[in-house]
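In what follows, chains are A, B, ... by sequence order, proteins preceding strands, each numbered from 1. Everything quoted here is computed from the prediction, not taken from an experiment.
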Amino acid sequence: MTTTSARAGAYHHLWAKSLRPEDGGPWRWSSLWTHLTDTAAVMRLLWDWAGAPVRRVIAADAAGDDTAAREVAVLAASLHDIGKGTPAFAGQVEPLRIELERQGYRWPAGYDSAHSRDLPHSVAGHHLVEQMLIGRGVDKVSAEAFAVIIGGHHGVPPTKSELNDVFDRAHLLGDGAWREARVELVEDVVQTLGLEAALDSLATVRLSDASQILLTALVVMADWIASNADLFPLVPIGTHCQGDPTERAARAWREFGFPERWLPTTEALTADATALLRARFGVDYEANRLQQAVLEAARGMAEPGLLLIEAVMGGGKTEASLLAAEVFAAKFGCSGVFYGLPTRATADAMLDRVLVWWQNVPGLDRGDRNIALRHGNAGLNDTYRGLPRRSRRDETNSIAASVPEEAPLEGSHILDVGRDEPSAPLWDGRRTMDGTAVAHYWTSGRKKAAFADTVVGTIDHELLAALRSRHVVLRHLGLARQVVVLDEVHAADTWMFVYLERALEWLGRYGVPVIAMSATLPPDQRQRLVDAYENGRRWVPPSHERRETFGELPQVPVHDAYPLVTALSAACVTQRSADPGTPRPVSMAWLTDDVDHLVREIEPVVTAGGCVLVIRNTVRRAVETYRALQPVWGEAVTLAHSRFIGFDRLRKDDWLRSTFGRGDGDRSGRIVVATQVAEQSLDIDFDLLVTDLAPIDLILQRVGRVHRHLERTRPTAAQTPRCLVTGVAPRERGDVPEVDRGSAYVYGEYRLLRSAALLDEIVAAGGHVTLPSDVPSLVRRCYSDEPVGPPVWQLALDAARSRAETEQAALVSAAGVYRLVGPGKRRSLIGTLSVSVGEAETSTDVARQVRRSDGGFEVVLLRYAVDGLSFLPHLGDTRRIPTDRVPERDVVRLLARSMVRVPAVVTSRPEWTDRVLNDLSRNYFSAWQRDAVLGGQLILLLDESNCGTLGPFQVTYHDEVGLGVQW
DNA sequence: AACAAAAAAAAA
Ligand SMILES: [Fe+3]
Ligand SMILES: [Fe+3]
């Protein structure tokens, strides 16, 4: 439906998109007018999708007027690519440039299409819009706050210096015909969409930083939709797209088939807890005390806030959190849930449970509901892949998902895309072996994942909202629509906590209800979470020059209870405790750190048919212990740690679960030697526990593995649950312990000494702890600085403390370099993602990551033979693996399960790193790079005896011992 | 020259 140039006015020849002809077909294009009006019309539709919380944030800057706020959003969308109306951009495509020249446009002498990079259209657009607003009498601060949405519509807002440079590049901006055309274009667009009032409103609307972020994200999303050539087809050059933009957008939106957002009912606000539980999860049992307490707490929260649930694993927390999430969604208008977990494996498991809830939870919405799984290997999850790929409103109710495409999009060559932008992404691409960034993960699911109503993923996807990274605004928009649930918060280390706090500030600012679940937290961390959320919530409209005075931050009472439910709402903290369950006494004792003593303790238990778990703090110690026990007990000894390929880890986890889980496993006489992998979420039970000294919370977590299943009958030698703590050099009673060096590296000497002092106390008092009632006070004391231990320890404790404080401070400051600025700190987003070279080089620990990397890295472990690559033989798949193309799906899956982490030693010196990377670079297969799972992965090849070389190191792999690195 | 576990990484 096109005709030859129907519209008068030279501005109609400005272009936004062009399509390079394939096989010599005619050029196609989209005029700037078309693209701007399309994007603006899409924005009007997106406004409803955005949901109440997002709209409230933006409307607050427009005197609470939702319609006025929407029109500001539409205006921003209608101007987003105005920077394409410049010689810098418009000269890039020859045939379009020739047409423009015919219309009277002129290019500066010596213009070359490479000049477009000197003035990216986003930066030009920011400049033009800011100048236009200032010309209309808008003050500079408000003008910048609006203009930066245009400046940031490609994911990175411009910096001050980039904006200053525009003044020196006026020739690329263009005057005369260019300026006139832009003025006419804006007039036409504004009139077409009825945006006159919105334009006038900018004189009084000063957008806050939060609104700037959400509006930028909405513009990006509208732009992506309006740039989809299936929904908004390009037309042959010389013709113009016909039809009313609003109608075009409405048709496109229907075709797009985006599921209607979840509109929760008010049922959860009043219904009985047990009735809700049964209806949402299809169970027949009654709601427990914790679930009731959580539901009550959520109902009692008048404003969006933070709900902190400290309780043991398996206490019905997941169900409790989703009931609370439904309450919040009903109260505050959230469209779904973000459920964040610390690992991909736990996220995979959670998807199944959240799916049940998502299918059962009632709503006023009709049709499908959107859900996404968000983590690196989401594409390998069968549940996720099994969900319908696309949804249409007229089909029956089902869950729709955005599942990654099998293969990257090929054959389309949209030319304008980012052509005038520096090509390096803000994210440092994966370091590849030939030194160039080739890490192109491409899946259609990835981008859509942020837009799903409900998302299950790794907690990283919440933490990433606090990282200075390209398109971080999309993460904000996604989360601002949701109730955020974070599980196993205690697992966050110092580095992650830095990001967790900042992310909570922003969530508090957006009024996003947050449910955080954890084992007992030290009071200090509890307070910091509350402070972060509350600090974000306390914002001042940017039009107010003076900062309003708020009261003191609410203090969280120190309450040694477990389980404990802490609720922050409207600047008030309330706490509830729930039923702690059956008290479990466990006897605790020290054990001398050598093989003889260990054997002597294990022997009677094993002989009597019991089973033993030995947890070591380092892989080295675990392997040593395994090797020492094997001569005595042979096959009865099993080793578990993280330096196994995924295939073996799954195999071992399954075996652990079936052998030591509930039910009758073949557990008699068995010994498991493990690192911290056995501390994680496995529901396994042993008759005796031996553990290295660790911070007390982790010891208690490990203690949770001994006599975990109360109903089980035990051998006489293990009638009482016992935990033996070792990993400390022999000492006289009362002496300062000398902790193992590796343990000190992992946990820090200070925390270990404090933990040892508490254990000495326990032993001196009879050698018993009672779970869970003793947990809170022990955790509190281990993580505070209050005096512990006898007087002779104090010197050592003080020294260790000051070292710990120095290290902690260094880590926090390194982690903070790439952290986003908090809400309310800046008037505009200008430069908000940039980090100066000076800052970035303050320490070698500085990294643009939400988790600290230790220098180790993952490799795919494969066997090399003359006729090609194959899997390690014990995987039982003898196929040769093709390297000239992306292998079949099941091969890719097995490749993903052939991954193992190489320890950090190999990169502990730059010269080794170089040699290691050099070795790995030989196994670079360009055909694999376009696969989402394989792209950028490092490959390590082993010979027939499972040996390989990595720079100066020899590598071995054994399916029962794991990866060994020797030198 | 020793030292866990865990995750991330495309655009209009
Ligand atoms: Fe653009
Ligand atoms: Fe655009």
Side-chain angles (χ1 to χ4, degrees), chain A residues 16-17 30 35 39 80-81 153-155 219-229 232 341-347 374-377 408-409 412 414-419 421 423 425-432 437-444 446-447 457-461 463-464 467 469-471 474 488 491-493 495-496 615-622 641-643 649 674-680 692 694 698 740-747 847-858 901 903-906 908-909 912 930 932 935-937 952-953 965-967:
Chain A
K17 299 183 178 301
S30 174
H35 180 57
T39 308
H80 81 279
D81 270 343
H153 85 270
H154 282 228
V219 167
V220 170
M221 191 177 171
D223 191 19
W224 286 3
I225 295 171
S227 301
N228 181 325
F232 296 89
L341 298 113
T343 67
R344 293 182 289 208
T346 45
R374 209 168 185 200
H375 67 65
N377 284 344
L409 182 67
S412 67
I414 301 265
L415 187 64
D416 85 303
V417 179
R419 275 291 292 267
E421 311 258 327
S423 58
L426 247 185
W427 192 278
D428 318 303
R430 177 194 287 270
R431 180 140 180 215
T432 55
V438 292
H440 289 320
Y441 284 71
W442 195 98
T443 61
S444 73
R446 239 170 249 276
K447 64 184 175 190
T458 47
I459 191 173
D460 303 63
H461 288 279
L463 304 180
L464 282 165
L467 187 74
S469 54
R470 186 164 202 185
H471 284 128
L474 296 181
E488 301 196 54
D493 60 17
W495 188 287
M496 292 169 79
I615 299 190
R616 295 306 198 197
N617 286 347
T618 63
V619 174
R620 159 177 289 241
R621 274 175 65 82
H641 56 70
S642 74
R643 242 170 266 164
R649 292 204 56 182
T675 59
Q676 292 84 339
V677 291
E679 185 179 278
Q680 315 289 325
D692 280 354
L698 298 179
D740 165 70
R741 210 179 136 196
S743 302
Y745 174 84
V746 173
Y747 297 115
R848 199 195 318 258
Q849 293 171 356
V850 297
R851 299 205 197 206
R852 187 191 185 196
S853 78
D854 65 353
F857 52 87
E858 284 196 327
R901 208 168 165 77
V905 216
V906 304
S908 56
R909 286 195 182 183
W912 298 340
R930 51 202 192 87
Q937 292 302 341
F953 302 91
V965 176
Q966 293 89 25
W967 51 85

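- Remark: A/Asp740 engages A/Ser743 in a side-chain hydrogen bond (donor to acceptor under 3.5 Å, both in side chains) (not counting sequence neighbours).
- Among the nucleotides B/dA6, B/dA12, B/dA4, the one closest to the side chain of A/Asp854 is B/dA6.
- Phosphate proximity of B/dA6 to A/Arg851: absent, as no side-chain N or O sits under 4.0 Å from OP1 or OP2.
- For A/Ala904, counting side-chain heavy atoms from C-beta on, the closest listed nucleotide (B/dA12, B/dA6, B/dA2) is B/dA2.
- The shortest distance between the side-chain N/O atoms of A/Thr675 and the OP1/OP2 oxygens of B/dA5 is below 4.0 Å.
- Of the candidates B/dC3, B/dA7, B/dA1, the closest approach to any side-chain atom of A/Thr618 belongs to B/dC3.
- Computed from coordinates, the A/Trp967 CH2 to B/dC3 P distance equals 8 Å when rounded to whole Å.
- The backbone N or O of A/Gly856 lies less than 3.5 Å from a partner atom in the side chain of A/Arg901, making a donor-acceptor pair.
- Nearest nucleotide to the side chain of A/Gln849, out of B/dA2, B/dA8, B/dA5: B/dA8.
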**Message:** What verdict does the side-chain contact (heavy atoms from CB on, under 4.5 Å) test give for A/Ser227 and A/His35, after you've listed the backbone C-alpha separation in whole Å, the side-chain angles of each residue and the deciding distance to 0.1 Å?
**Reply:** CA-CA 8 Å; A/Ser227 301; A/His35 180 57; 3.3 Å; yes

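- In terms of phosphate contacts, A/Arg470 brings a side-chain nitrogen or oxygen within less than 4.0 Å of OP1 or OP2 of B/dA11.
- Rounded to whole Å, the distance from CZ on A/Arg374 to C1' on B/dA8 is 11 Å.
- At B/dA4, none of the side-chain N or O atoms of A/His641 fall inside 4.0 Å of OP1 or OP2 (strictly under the cut-off).
- Between A/Tyr745 and B/dA2, no base-stacking contact is recorded for ring centres under 5.5 Å apart and planes less than 30° from parallel.
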**Prompt:** Just the dot-bracket of DNA chain B, please: which string comes out with Watson-Crick or G-U pairs under 3.5 Å, [ ] for crossing, | for another strand?
**Reply:** ............

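- With hydrogens and angles ignored, no donor-acceptor pair under 3.5 angstrom links the side chain of A/Ser853 to the base of B/dA7.
- Distance A/Met496 CE to B/dA6 P: 12 Å, rounded to the nearest Å.
- Using a 4.0 Å heavy-atom cutoff across all strands shown, A/Val619 reaches sugar-phosphate atoms only and no base atom.
- Heavy atoms of A/Ser743 sit nowhere under 4.0 angstrom from any nucleic acid atom.
- Base contact: A/Arg852 has a heavy atom under 4.0 Å from a base atom.
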**Request:** Decide yes or no on side chain to side chain donor-acceptor pair (under 3.5 Å) for A/His461 and A/His375, but give the supporting numbers first.
**Result:** CA-CA 8 Å; A/His461 288 279; A/His375 67 65; over 6 Å; no

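- Dashed line: the shortest gap from a side-chain N or O of A/Thr458 to OP1 or OP2 of B/dA8 is under 4.0 Å.
- Of the side-chain N and O atoms in A/Arg643, one or more sit less than 4.0 angstrom from OP1 or OP2 of B/dA4.
- For A/Asp460, the side chain to side chain contact (heavy atoms under 4.5 Å, CB included) partners are A/Thr458, A/Val850, A/Arg851, not counting sequence neighbours.
- Residue A/Arg909 places at least one side-chain N or O closer than 4.0 Å to OP1 or OP2 of B/dA1.
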**Message:** Run the side-chain contact (heavy atoms from CB on, under 4.5 Å) test on A/Ile459 and A/Met496 for me, step by step, so that the C-alpha distance in whole Å, both residues' side-chain angles and the decisive distance to 0.1 Å come before the verdict.
**Reply:** CA-CA 10 Å; A/Ile459 191 173; A/Met496 292 169 79; 3.9 Å; yes

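- With respect to the salt-bridge test (charged N to carboxylate O, under 4.0 angstrom), the residues A/Asp493 and A/Arg852 do not qualify.
- Rounded to an integer number of Å, the gap from A/Tyr747 OH to B/dA4 C1' is 6 Å.
- Residue-level contact check: A/Asn228 touches neither bases nor backbone, having no heavy atom under 4.0 Å from any strand.
- Rounded to whole Å, atom P of B/dC3 lies 13 Å from atom CD of A/Gln676.
- A straight line from CG of A/Leu464 to P of B/dA9 spans 7 Å, rounded to a whole angstrom.
- For the pair A/Asp493 CG and B/dA7 C1', the interatomic distance rounds to 11 Å; values are reported in whole Å.
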**Prompt:** Given the rule in the side chain to side chain donor-acceptor pair (under 3.5 Å) test, do A/Asp223 and A/His154 qualify, once you have shown the distances and angles that lead to the verdict?
**Reply:** CA-CA 10 Å; A/Asp223 191 19; A/His154 282 228; 4.7 Å; no

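- For the pair A/Arg344 and B/dA7, the criterion of a side-chain N or O lying under 4.0 Å from OP1 or OP2 is met.
- Between A/Leu463 atom CG and B/dA6 atom P there is a gap of 17 Å when expressed in whole angstrom units.
- A distance-only check finds no donor-acceptor pair linking the side chain of A/Trp912 to the backbone of A/Val905 [under 3.5 Å].
- A stacked arrangement is not assigned to A/Phe953 and the six-membered base ring of B/dA1, the conditions of a centre distance below 5.5 Å and an interplanar angle below 30° not being jointly met.
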